[in-house]
Every structure is written in structure tokens, then in C-alpha cells.
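Notes follow the structure.
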Protein chains: 2
Amino acid sequence: MPARPLTAYERVKQGITEALGTGRWRHGQRIPSEPLLARRFGVSVGTVRKAVGELVGENILVREQGRGTFVVSHTRDYMLNVFFRIADREGRKELPQGTVLSFERTKADRETARLLRIAPGARVLRVETLLRLHDRPAVVDDIRLPLRLFPDLDERTFADRPGTIFGLFQSRYGLTVVRTEDFVTAALADDRRAALLDLAPGAALLHVRRTAFTYRDQPVETRVRYVSCVRHGYLNVLGKP
Amino acid sequence: MPARPLTAYERVKQGITEALGTGRWRHGQRIPSEPLLARRFGVSVGTVRKAVGELVGENILVREQGRGTFVVSHTRDYMLNVFFRIADREGRKELPQGTVLSFERTKADRETARLLRIAPGARVLRVETLLRLHDRPAVVDDIRLPLRLFPDLDERTFADRPGTIFGLFQSRYGLTVVRTEDFVTAALADDRRAALLDLAPGAALLHVRRTAFTYRDQPVETRVRYVSCVRHGYLNVLGKP
DNA sequence: TTCGATTTGTTCGTATGTATT
DNA sequence: TAATACATACGAACAAATCGA
């Protein structure tokens with residue numbers, strides 16, 4: 001690797017990401033105006049615009065004309081538009097209502113450890129939730145969180161959070177999810193999940209393994225999600241939106 | 001809708017898309033240089049750059065420093081990176097080898113007509129193919145094409161094409177796929193598909209309904225794709241790449 | 001191999017428009 | 001209304017990659 005020197009706008013991008021990663025600028029906050037950033041980094045406004053534009057494209061910042069540029073907040077709407085892929089057969093998306101089925105501290109199995117990049121046997125939180133869409137059970141989630149990142153998280157806090165799970169990560173722990181990787185396969189419902197989802201055992205379910213990452217590719221969560229396909233599926237648009 | 005007048009860069013975008021849609025600039029070709037386009041549209045180079053930049057983001061053009069800007073070609077590599085979502089459990093993608101199972105002219109059922117935006121009963125081509133990955137049967141496709149767009153397509157031409165299906169659409173019919181919509185659910189294998197995929201009947205399969213669009217949101221193809229989940233799944237990254 | 005022409009990539013600076021407060 | 005902030009647009013200069021003479 002020749003490691004060519006960074007261009008000016010790359011330096012600005014890195015500087016901004018740095019300020020976000022260390023928590024100097026928090027979610028929902030307005031970041032300094034473009035002329036101010038330009039002076040601070042010693043570049044022109046156009047260069048700042050290029051850097052900020054790329055970060056907007058990466059779902060890290062949002063611009064609002066006349067108001068400023070803000071660190072993204074994981075509001076419900078944002079979640080729905082950026083990360084939530086479950087839709088009904090007409091392509092409509094709706095945020096689910098979740099209930100906690102179990103909440104426990106345990107140790108990471110090999111697969112979880114690999115995905116979260118922690119040591120096998122390191123402590124993790126395991127949370128199972130049942131999600132309802134249109135008031136019908138639709139999704140069962142089996143979530144694993146590295147305890148190191150969420151040391152004081154308890155069931156009450158988790159269940160009574162006002163917004164989304166990613167919103168909780170952000171507001172309480174300063175962890176902003178900027179990327180997820182989904183691997184979708186099909187599976188047969190076992191007795192327990194069939195009962196939870198109100199299906200016959202042996203029904204076909206979507207099995208979604210999703211890992212979520214914050215800045216600099218740090219994994220913060222991995223979950224397995226079982227989706228009832230009676231009314232819903234995984235919707236994905238490739239190309240321009 | 002007030003229909004505010006287009007900005008300069010939007011006019012340039014529209015002008016370029018127009019030239020693509022009418023086939024004046026064909027896939028693989030180099031489009032005029034930025035200074036030339038700037039003179040032609042009566043705007044500055046910076047404005048052309050913004051327009052071209054957005055079209056690059058929409059997978060319609062590709063820039064190559066020192067060489068020029070080109071209309072995207074559906075090469076195998078391009079397909080693999082932009083539209084092909086099937087990967088093995090380590091996230092590795094590989095282009096499949098396809099064989100034609102059936103090829104016939106028929107009439108559009110209601111669902112096909114709706115998705116292709118043609119009249120119910122309009123003539124369509126139906127093609128079934130079996131795809132192999134790592135030399136094992138992995139995917140069964142059931143493809144519907146509006147005959148109006150592909151009037152002279154026969155089985156031989158389809159089967160003996162040198163590249164991908166989208167590449168054939170582009171090189172022979174001037175239709176460039178720029179967007180697809182995938183709706184993924186789970187299903188149980190019927191006897192025929194189980195036999196084709198070398199699975200037990202009743203195995204869980206991914207059922208992917210995919211519709212492909214060219215410029216200006218015109219649908220050119222819809223297919224149902226059954227994916228064996230023994231070794232593969234549907235891989236999707238949300239957020240920055 | 002070298003050199004020069006061409007093309008995109010980066011950066012600067014400035015002016016004006018539009019939305020918000 | 002005025003101030004602030006992002007959005008659009010212009011023009012200019014140099015860097016970096018490519019390609020053919």
C-alpha cells in the first residue's frame with residue numbers, strides 16, 4: 001500500500017467522523033456551519049460541501065436548507081426509511097410494536113463472538129422480542145449485544161425506551177448505527193416460534209441474520225430475525241431510489 | 001404541484017437521460033467530455049459535473065479519470081456488484097451458470113400484467129431457467145418479458161448469449177436496467193422444484209419476486225426466483241459500502 | 001521512452017437564490 | 001425585516017490518469 005496522502009476533502013471527512021466517533025458532536029445536534037468548518041479546516045466552502053455531501057450519502061449527517069447540518073437521529077421515520085426492510089405485499093412499511101420475551105446475560109457463542117468481534121465466551125446480553133405489525137405477531141428477534149458496550153442495560157430500560165432500539169443505542173450509549181449487513185435465508189418454523197407467530201409448525205419463515213455497525217466498522221449488535229411470510233416479506237430496491 | 005422550473009443541473013440530467021432513453025448514446029460508449037457538454041447545454045463545467053455525478057450515483061454512467069465518462073455496460077462484473085444479491089454463507093458472490101428449462105410465448109396473467117404495466121392477456125415470453133453455483137443447482141427462475149419489447153427473442157438467442165440476461169437486453173434491445181425491486185419471502189419447495197434443486201420436497205426456499213426497470217421507471221422484466229438455502233442466501237448491505 | 005494532448009479529479013473563490021428563524 | 005444557513009451556479013487553476021505520436 002503506497003498510502004497516498006489524503007486529499008483536502010478526505011481530511012475534512014475524517015475530521016468530522018473523528019468528532020462524531022469521540023462523541024464531541026452528538027446525535028441530533030447541529031454541526032458548525034459550512035463557512036465555519038471551512039475556516040477551521042483551512043479549506044474552501046466547496047471542499048467542505050463535498051465532504052459533508054459524502055457523509056450525507058453515508059447516512060451519517062443530514063442537511064436541512066436554511067437550518068443547518070445535523071448528526072442523524074434514529075427517529076422512527078429515519079429507521080423506517082433507512083434500515084427497516086420488512087413490508088407488506090403492497091410494499092407498505094410500518095413500524096412494529098415490540099414486546100420482550102426474555103432478557104438475560106450470557107456468554108457469546110462462537111458465531112456471535114465472530115460477528116461482534118469479541119472473544120468467545122465474552123459476556124453478552126441476549127434479548128428475545130416479538131414484533132407485531134398491524135397488531136398481528138409477525139417477527140421474532142433474537143438479539144445479542146456485547147455487554148461491554150451496554151454495561152448497565154436492563155430489561156426495564158430496554159422495554160420502556162421511547163423510540164427504536166437503534167435510537168436507544170444512540171441516546172443512551174452514544175452509539176450511532178450507520179450500516180447493517182443482512183443475510184436472508186429461508187427456514188422452517190419450530191414449535192415455539194410457530195406458536196409465537198400463530199402459524200402451523202413447519203411453516204416457511206424468513207431467517208434474517210443482521211449485524212449492525214457504528215462508525216469505523218465497529219459491530220454493536222447482531223440478531224437473528226424470523227419473519228412470518230403470511231402478510232410480509234423483505235423488500236429491497238437496488239439502483240436509484 | 002407548483003412545478004417549479006428545473007434548475008440548470010436538472011436540465012442537464014434530463015438532457016443526458018433523454019439521449020440515453022432514445023438510444024442516441026448507447027451502452028459502453030463514451031459520452032462527450034465535460035467542457036463539451038457544458039458548452040452544449042450553455043452551463044458551466046461545475047454544473048455538468050454535478051449532473052453527471054448524480055447519474056453516476058444512480059448507476060447510469062461511470063467516470064474514468066483520464067479516459068472519459070461512459071454509459072454503463074452490463075458486464076458480468078457490473079452485474080455481480082450492483083444487482084446480484086445471492087451469496088454463500090461467507091458473503092462470497094459468484095456468477096451462476098444457467099440452463100434453459102422452458103421457453104414459450106404465452107399471455108400475461110393479472111399479476112404479471114400489473115407488474116409489467118401491460119394489459120392483462122397481452123403477450124409475454126416465459127422462460128424458466130436453472131442456475132448453478134459452484135456447479136450445484138441453486139436457483140430456479142421463472143421469467144416474464146413483455147413480447148412487445150423483445151419481439152424476435154428466441155430460445156437459441158437467449159441460451160447462447162455471451163453475457164448476462166441484462167447484458168442481452170442492453171446489447172440487443174437497447175434496454176438498460178437501472179433499478180430492480182426485490183420482494184423476498186419464504187416458501188416450501190414443491191416436488192418439481194425440489195427435484196430440480198436436489199432437495200427434499202417441503203424444504204424451505206427463498207421466493208424472490210424481482211421486477212427490473214429501465215430509464216424513466218419502465219418495467220422490462222419480472223421474475224420469480226426460488227433459491228436453495230443449503231449453501232446460499234440473499235445478502236444485503238444497508239448504509240455506506 | 002518521452003512528451004504532449006485530452007479528460008476527469010480536486011480545490012479555490014465568488015455571487016446569487018431559497019428556506020428558516 | 002434582517003441575519004443565518006444551505007443550494008445552486010459560475011469560472012479558473014492545477015493534479016492525476018490515459019493514450020497516442
Side-chain angles (χ1 to χ4, degrees), chain A residues 1-17 19-20 25 27-73 75 78 241, chain B residues 1-17 19-20 25 27-73 75 78 241:
Chain A
M1 277 296 141
R4 64 134 175 49
L6 294 180
T7 61
Y9 84 88
E10 286 171 326
R11 282 199 309 276
V12 175
K13 263 186 82 169
Q14 196 167 282
I16 294 174
T17 309
L20 294 169
W25 300 342
H27 76 281
Q29 275 186 359
R30 202 185 73 193
I31 72 170
S33 73
E34 293 175 350
L36 202 63
L37 287 174
R39 282 207 299 281
R40 191 173 301 180
F41 286 104
V43 299
S44 76
V45 176
T47 301
V48 169
R49 278 191 67 75
K50 174 151 183 165
V52 170
E54 293 204 352
L55 290 168
V56 169
E58 294 169 16
N59 299 311
I60 290 173
L61 301 175
V62 288
R63 287 208 255 231
E64 294 182 33
Q65 187 177 357
R67 300 220 311 132
T69 300
F70 300 80
V71 184
V72 291
S73 248
T75 61
Y78 181 78
Chain B
M1 277 297 141
R4 66 134 173 45
L6 295 180
T7 61
Y9 85 88
E10 287 171 325
R11 283 198 310 277
V12 175
K13 262 185 84 168
Q14 197 167 281
I16 294 174
T17 310
L20 294 168
W25 300 340
H27 75 279
Q29 276 185 359
R30 204 186 72 191
I31 72 171
S33 74
E34 292 174 351
L36 202 64
L37 286 174
R39 282 208 300 282
R40 191 174 299 179
F41 286 103
V43 299
S44 75
V45 176
T47 301
V48 169
R49 280 191 66 76
K50 173 148 184 165
V52 170
E54 292 205 354
L55 291 169
V56 168
E58 294 169 15
N59 299 311
I60 289 173
L61 300 175
V62 289
R63 289 207 253 230
E64 294 182 32
Q65 186 175 359
R67 301 221 309 132
T69 301
F70 300 81
V71 184
V72 292
S73 248
T75 59
Y78 181 78

Margin query: If I take atom CD in residue A:E34 and atom C1' in nucleotide D:dT8, what distance separates them, rounded to the nearest angstrom?
Written below: 12 Å

Note to self: With a cut-off of less than 4.0 Å, is there a side-chain N or O of A:T69 near OP1 or OP2 of D:dC6?
What the structure shows: yes

Item checked: Watson-Crick or G-U counterpart of C:dG9, or none if no pair lies under 3.5 Å -> D:dC14

Check: What is the distance from CZ of A:R39 to C1' of C:dG13, rounded to the nearest Å?
Finding: 15 Å

Next item on the list: Determine the contact category for A:V45: base if any of its heavy atoms lies under 4.0 Å from a base atom, sugar-phosphate if only primed atoms, P, OP1 or OP2 are that close, otherwise nothing.
Entry: nothing

Next item on the list: Measure the CG-OH distance between B:N59 and B:Y78 for me, rounded to the nearest 0.5 Å.
Entry: 4.0 Å

Item checked: Which nucleotide in C:dC12, C:dT8, D:dA9 has an atom nearest any side-chain atom of B:S44 -> D:dA9

Next item on the list: Find the distance B:L61:CG to C:dT7:C1' and express it as a whole number of Å.
Entry: 15 Å

Notebook entry, point to check: A:F41 has an atom CZ; how far is it from atom P of C:dC12, in whole Å?
Noted result: 13 Å

Margin query: Is the phosphate of D:dA7 approached by A:R49 (side-chain N or O, under 4.0 Å from OP1 or OP2)?
Written below: yes

Notebook entry, point to check: Going by an N to O cut-off under 4.0 Å, is there a salt bridge joining B:R63 and B:E34?
Noted result: yes

Notebook entry, point to check: Only one of A:T69, A:I60, A:L55, A:V71 forms a side-chain contact (heavy atoms from CB on, under 4.5 Å) with A:I16, so which one is it?
Noted result: A:L55

Notebook entry, point to check: Closest approach of B:V12 and B:A51, non-hydrogen atoms and distance?
Noted result: CG1-CB, 3.6 Å

Next item on the list: Figure out the NZ/C1' separation between A:K13 and C:dT11, and round it to whole Å.
Entry: 17 Å

Next item on the list: Compare side-chain N and O positions of B:R30 against OP1 and OP2 of C:dT7 and report whether any pair is under 4.0 Å apart.
Entry: yes

Notebook entry, point to check: The side chain of B:R63 lies closest to which of these nucleotides: C:dT8, D:dA7, D:dT8?
Noted result: C:dT8

Next item on the list: Give the rounded distance in Å between these two atoms: OH of A:Y9 and P of C:dG13.
Entry: 19 Å

Notebook entry, point to check: B:T47 side chain: which of C:dT11, D:dC10, D:dT8 is closest?
Noted result: D:dC10

Next item on the list: Search all heavy atoms of A:R67 against all heavy atoms of A:F70 and return the closest pair with its distance.
Entry: NH2-CZ, 3.7 Å

Next item on the list: Answer yes or no: side-chain N or O of B:E64 and base N or O of C:dT8 forming a donor-acceptor pair under 3.5 Å.
Entry: no

Notebook entry, point to check: Mapping A:K50 and A:R67 to their closest nucleotides on DNA chain C, which lands nearer the 5' end?
Noted result: A:K50

Checklist line | Rounded distance (Å) that lies between atom C1' of C:dT6 and atom CD1 of B:I31 | finding: 15 Å

Item checked: Atom pair distance, as rounded to whole Å: CG in B:L37 and P in D:dC10 -> 14 Å

Next item on the list: Check every strand shown and say whether A:G68 touches a base, only sugar-phosphate, or nothing at a heavy-atom separation below 4.0 Å.
Entry: sugar-phosphate

Margin query: So if I take every side-chain heavy atom of A:Q65 and compare against C:dT8, C:dG17, C:dT11, which nucleotide ends up nearest?
Written below: C:dG17

